[in-house]
Amino acid sequence: MFFMTDDIENIVYERLTVAEYLFELLRHGQKRRVYYFYSSKVLDLLVGIVGNNWRLKRITPKLSEVRENENGRSYYVRLDVMLLELTKKGYAVFSEDPLVKCCCGIFGQREFELYLEKYLGGLIKTPLLEVLFIKWFFDKAGYEGRTFFVTVKKINKLLLGDYSRTKFNVYIEYSFSLSECAKNIAFFCSKIIDLAGKVARALFNSGVSAFGKASNGERETNGVIGVNYTGIGITFEPDRRCDFPWLQRCNVPEGKVLVYFRRKNVPVTGEMLALLRSRGIRYLKLLHDEAVDKKIPSYRASGIFLGKIMNCAGSIFPFMVKSILRQGGHPGVLTAPIIDFISAYSLAHDYFRTNKIIINIDRMDVVYSRVAERLALVECGGINISYQLSNAIFPALIYGTNADVMFLFGPANKKAFVGSGMLSENILYCGYLTDYSFQHVDENAGILRRRMMGKGAKFIVSYFDEHASDSMFSMTSSLVGTKVYQELFEYVFKTPEVGLICSPKNASGLVERLPGLRGPLEKIKECGRIYFDPGRGYKPNVYPVEYGKASDIVITLLAGGTVGLENLLAGNRTIFLDLEGCYEYPEYLWGKDVIVFDNIDVMLDKVEGLRNGRKDCLDIGDIKYYKDIDSRDPFRDGRAAERMGSYIGHLYEKMSSGNTRDTAISYANEKYVEKWGRDSIG
């Protein structure tokens with residue numbers, strides 16, 4: 001789309017084509033400012049040859065840079081709030097479509113609405129950030145006049161157009177792109193091919209089973225508990241991070257537990273598998289095309305999958321064809337997620353039935369396919385369980401879940417989850433789930449502290465990095481992340497009695513994310529007063545509380561507040577650093593420059609004042625300033641995993657005896673209230 005009118009001064013192309021580049025090259029004027037986010041390799045080559053010494057520039061959106069004004073708050077929190085608002089409006093756009101009505105009639109209105117909202121949120125999260133960046137970028141530059149954002153995806157204008165224009169004065173225009181159209185067709189075809197491949201494999205597996213070779217191993221007679229492995233760790237040591245902390249505190253035989261793996265990017269070692277075998281815990285690869293290890297038995301779809309696919313296709317296919325052919329074009333965006341939905345629903349139905357899963361535990365609510373999978377288990381008569389693992393303060397699309405049972409730390413988190421679209425009717429408060437570890441890390445913490453004191457440290461600070469990087473949605477840029485480390489290193493270098501413990505979220509990729517640290521990291525090898533977590537496995541396997549107990553004060557980032565909450569609940573002095581401008585957080589009302597700091601120099605001055613016993617610094621990081629700590633964890637007794645485990649045990653007791661879902665949940669709820677009090681259920 002070429003804009004010919006003279007009153008347009010600011011144009012941002014989402015994806016600049018060669019034709020648009022040549023048009024702007026021939027037409028550019030002093031008042032016409034042209035920018036773009038992405039381009040093709042061919043265009044990059046052309047720009048390299050022709051040059052770009054005029055008013056056309058590439059810009060890279062980064063959430064970490066966007067501010068309300070020069071010194072104002074960031075959009076880190078509000079991006080999730082806006083996304084929720086937009087997905088609600090997005091669903092309303094499609095709610096009257098016959099295809100959507102058909103799916104709602106089959107699968108349930110609220111559940112399918114949640115599924116589609118999660119899907120739409122994934123589509124528009126990036127363009128929404130681009131709109132925010134455009135507004136911030138042009139305001140900062142002082143450019144006046146209307147700004148047009150040219151997108152090659154019609155869905156962006158459909159769902160974001162009015163919102164962008166009224167909220168940010170950014171006009172979204174759709175530009176037809178042949179290459180984008182080809183990509184959409186290829187994407188749709190890939191969904192069909194993928195589904196056809198699954199059907200073909202299921203046909204083959206059904207034939208194999210007919211000759212007496214069961215596809216999914218030994219069948220359980222009275223049901224098992226399925227557990228999705230999310231990559232935290234497989235261990236039964238109470239001082240190490242574990243993916244299922246409730247298991248040892250549950251009266252269900254471990255032989256009735258089935259752990260399944262489904263993510264390529266989460267390593268599974270032979271040591272982990274050996275540990276599961278030694279405990280009698282079964283394990284399985286869930287999807288054929290997402291194998292994580294050749295040594296792990298693979299789930300194979302059976303005739304149950306074929307039957308469900310045929311039933312769903314028979315009901316939905318006629319409406320899908322009408323949707324594709326319908327005038328206006330936008331219903332076409334529905335076909336891909338609905339194919340994904342019926343595929344996930346049918347596979348899950350088959351998986352749960354063939355493996356006799358009666359209770360499934362999976363906290364990956366961020367993935368929209370989980371909505372379909374949980375519906376499948378309900379139809380199979382089973383119970384879905386999810387649980388909180390992050391310190392959720394504000395609503396976000398990722399928290400929306402249709403699990404039957406949801407475990408939360410405490411009442412303070414309920415509003416965030418309900419506001420996120422949570423459909424769970426059974427909300428249980430259990431406390432901070434891994435608080436059992438608090439009493440088990442003292443020995444390791446003492447060893448580390450004594451080692452650092454042996455190098456001269458008398459006052460130790462621990463710092464937790466929340467994965468600073470230059471990725472689009474990182475809350476902290478690599479520049480800021482590097483600056484924090486450099487300031488902390490400098491503090492240690494100039495203060496011989498100070499030690500520093502650093503626990504990056506991804507230690508193995510630290511230098512790649514923050515290349516500015518390469519030199520300082522070489523220097524600190526000579527300083528025994530700085531310790532870095534070695535980064536074992538997919539994530540650090542040391543609980544943050546261990547490093548907190550080895551320290552005199554904990555520094556963590558406000559926007560990644562789970563680490564801080566864990567240390568506070570364990571009694572460790574904890575302060576939050578907020579260089580992102582998250583002023584919505586209640587910590588600012590309770591104690592700015594006491595428990596939360598938006599200036600690193602002020603923070604380090606207070607830390608040094610604490611070390612020297614300065615009176616105005618003795619209260620920093622004190623738990624007494626956290627006004628809602630009792631609401632975030634109403635128990636604080638180290639028994640959170642025990643509460644979850646005992647509830648699961650009561651569910652299994654009834655479910656394995658042939659009782660219905662409702663009976664089992666009612667029984668488990670009664671036992672929970674009897675043991676932990678009426679206030680333990682939300």
Side-chain angles (χ1 to χ4, degrees), residues 87-88 90-124 155 159 184 187-199 202 228 262 286-290 301 304-324 326 330-353 360 362 364-380 382 384 386 397-398 400-404 421-423:
T87 53
K88 292 289 184 185
Y91 176 79
V93 170
F94 299 114
S95 61
E96 295 303 314
D97 186 279
L99 179 57
V100 173
K101 285 187 173 182
C102 173
C103 291
C104 287
I106 296 172
F107 303 110
Q109 169 95 30
R110 297 172 67 206
E111 289 81 3
F112 193 77
E113 180 179 347
L114 177 64
Y115 173 84
L116 200 56
E117 286 175 358
K118 281 180 170 286
Y119 176 81
L120 293 174
L123 286 184
I124 62 175
I155 190 71
L159 300 185
N184 290 335
F187 177 70
F188 176 75
C189 291
S190 70
K191 296 292 183 183
I192 297 294
I193 293 171
D194 178 66
L195 184 58
K198 291 174 180 175
V199 169
N228 178 45
R262 62 192 303 168
L286 185 52
L287 297 180
H288 176 77
D289 55 353
E290 294 184 19
I304 296 175
F305 167 71
L306 295 174
K308 281 296 170 186
I309 282 289
M310 294 302 293
N311 287 338
C312 291
S315 301
I316 294 173
F317 185 72
F319 293 96
M320 188 175 291
V321 172
K322 291 178 183 178
S323 184
I324 294 173
R326 188 177 178 181
H330 71 256
V333 76
L334 297 173
T335 55
I338 289 175
I339 290 173
D340 282 345
F341 186 96
I342 62 175
S343 176
Y345 173 81
S346 301
L347 274 172
H349 200 285
D350 181 67
Y351 167 70
F352 291 138
R353 280 225 184 266
N360 191 58
D362 184 1
M364 295 298 290
D365 297 300
V366 61
V367 183
Y368 59 84
S369 63
R370 294 301 195 270
V371 178
E373 293 172 8
R374 290 198 170 106
L375 280 172
L377 184 58
V378 170
E379 185 174 327
C380 293
N384 296 287
S386 186
L397 198 62
I398 61 173
T401 178
N402 60 326
D404 300 296
M422 181 176 70
L423 303 180

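If you read the sequence from its start, that first residue is 1, and numbering goes on from there.
Residue D194 holds its CG atom at 10.0 Å from CD1 of I192, rounded to the nearest 0.5 Å. Summarising the geometry, atom CD1 belonging to I106 is positioned 6.5 Å from atom SG belonging to C312; distances are rounded to the nearest 0.5 Å. Atoms OG1 and CD1, from T87 and I124 in turn, are 6.5 Å apart once rounded to the nearest 0.5 Å. Residue Y91 holds its OH atom at 5.0 Å from CD of E113, rounded to the nearest 0.5 Å. Here the CD atom belonging to E373 is positioned 8.0 Å from the CG atom belonging to N360, to the nearest 0.5 angstrom. Atom OG of S386 sits about 9.5 Å away from atom CG of N402, to the nearest 0.5 Å.
Between the side chain of K118 and the main chain of L397, a donor-acceptor pair closer than 3.5 Å is present. Between the side chain of S346 and the backbone N or O of I342, at least one donor-acceptor pair lies under 3.5 Å. In this structure, the side chain of Y115 engages the main chain of P337 through a donor-acceptor pair within 3.5 Å. Side chain of K191 to main chain of T335: no donor-acceptor pair is present (N/O by atom type, distance under 3.5 Å, no hydrogens or angles). Judged purely by atom type and a 3.5 angstrom limit, S190 uses its side chain to pair as donor or acceptor with the backbone of F187.
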key: Pair N228-R262, side-chain contact (heavy atoms from CB on, under 4.5 Å): steps then yes or no   = CA-CA 8 Å; N228 178 45; R262 62 192 303 168; 3.2 Å; yes
inquiry  = Could you go through D404 and N384, starting from their C-alpha distance and side-chain angles, then the distance that decides it, and tell me whether this counts as side chain to side chain donor-acceptor pair (under 3.5 Å)?
reply    = CA-CA 5 Å; D404 300 296; N384 296 287; 3.2 Å; yes
inquiry  = Between L99 and I316, is the side-chain contact (heavy atoms from CB on, under 4.5 Å) condition met? List the steps.
reply    = CA-CA 7 Å; L99 179 57; I316 294 173; 3.6 Å; yes
query = Stepwise, does the side-chain contact (heavy atoms from CB on, under 4.5 Å) test hold for F305 with V199?
reply = CA-CA 8 Å; F305 167 71; V199 169; 4.1 Å; yes
Worked verdict on E111 versus L423 for side-chain contact (heavy atoms from CB on, under 4.5 Å) = CA-CA 8 Å; E111 289 81 3; L423 303 180; 4.2 Å; yes
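Annotation: side chain of Y351 is not in contact with side chain of C380 (no heavy-atom distance under 4.5 Å). In this structure, N311 and S315 have side chains that are not in contact, with every pair of non-hydrogen atoms separated by 4.5 Å or more.
Taking all atoms of both residues into account, the shortest heavy-atom contact from K88 to E117 is CD-OE2, 3.2 Å. Minimum interatomic distance between L159 and G90 (heavy atoms only, all atoms of both residues): CD2-CA, 3.5 Å. Considering all non-hydrogen atoms of both residues, A313 and P318 come closest at O-CD, 4.1 Å.
Side-chain rings of F341 and Y119 stay apart, their centers remaining 6.0 Å or farther from each other.
Using cut-offs of 30° and 60° on the angle between ring planes, the pair H349 and Y345 is tilted.
Among R370, M364, R374, the single residue meeting the side-chain contact (heavy atoms from CB on, under 4.5 Å) criterion with T401 is R374.
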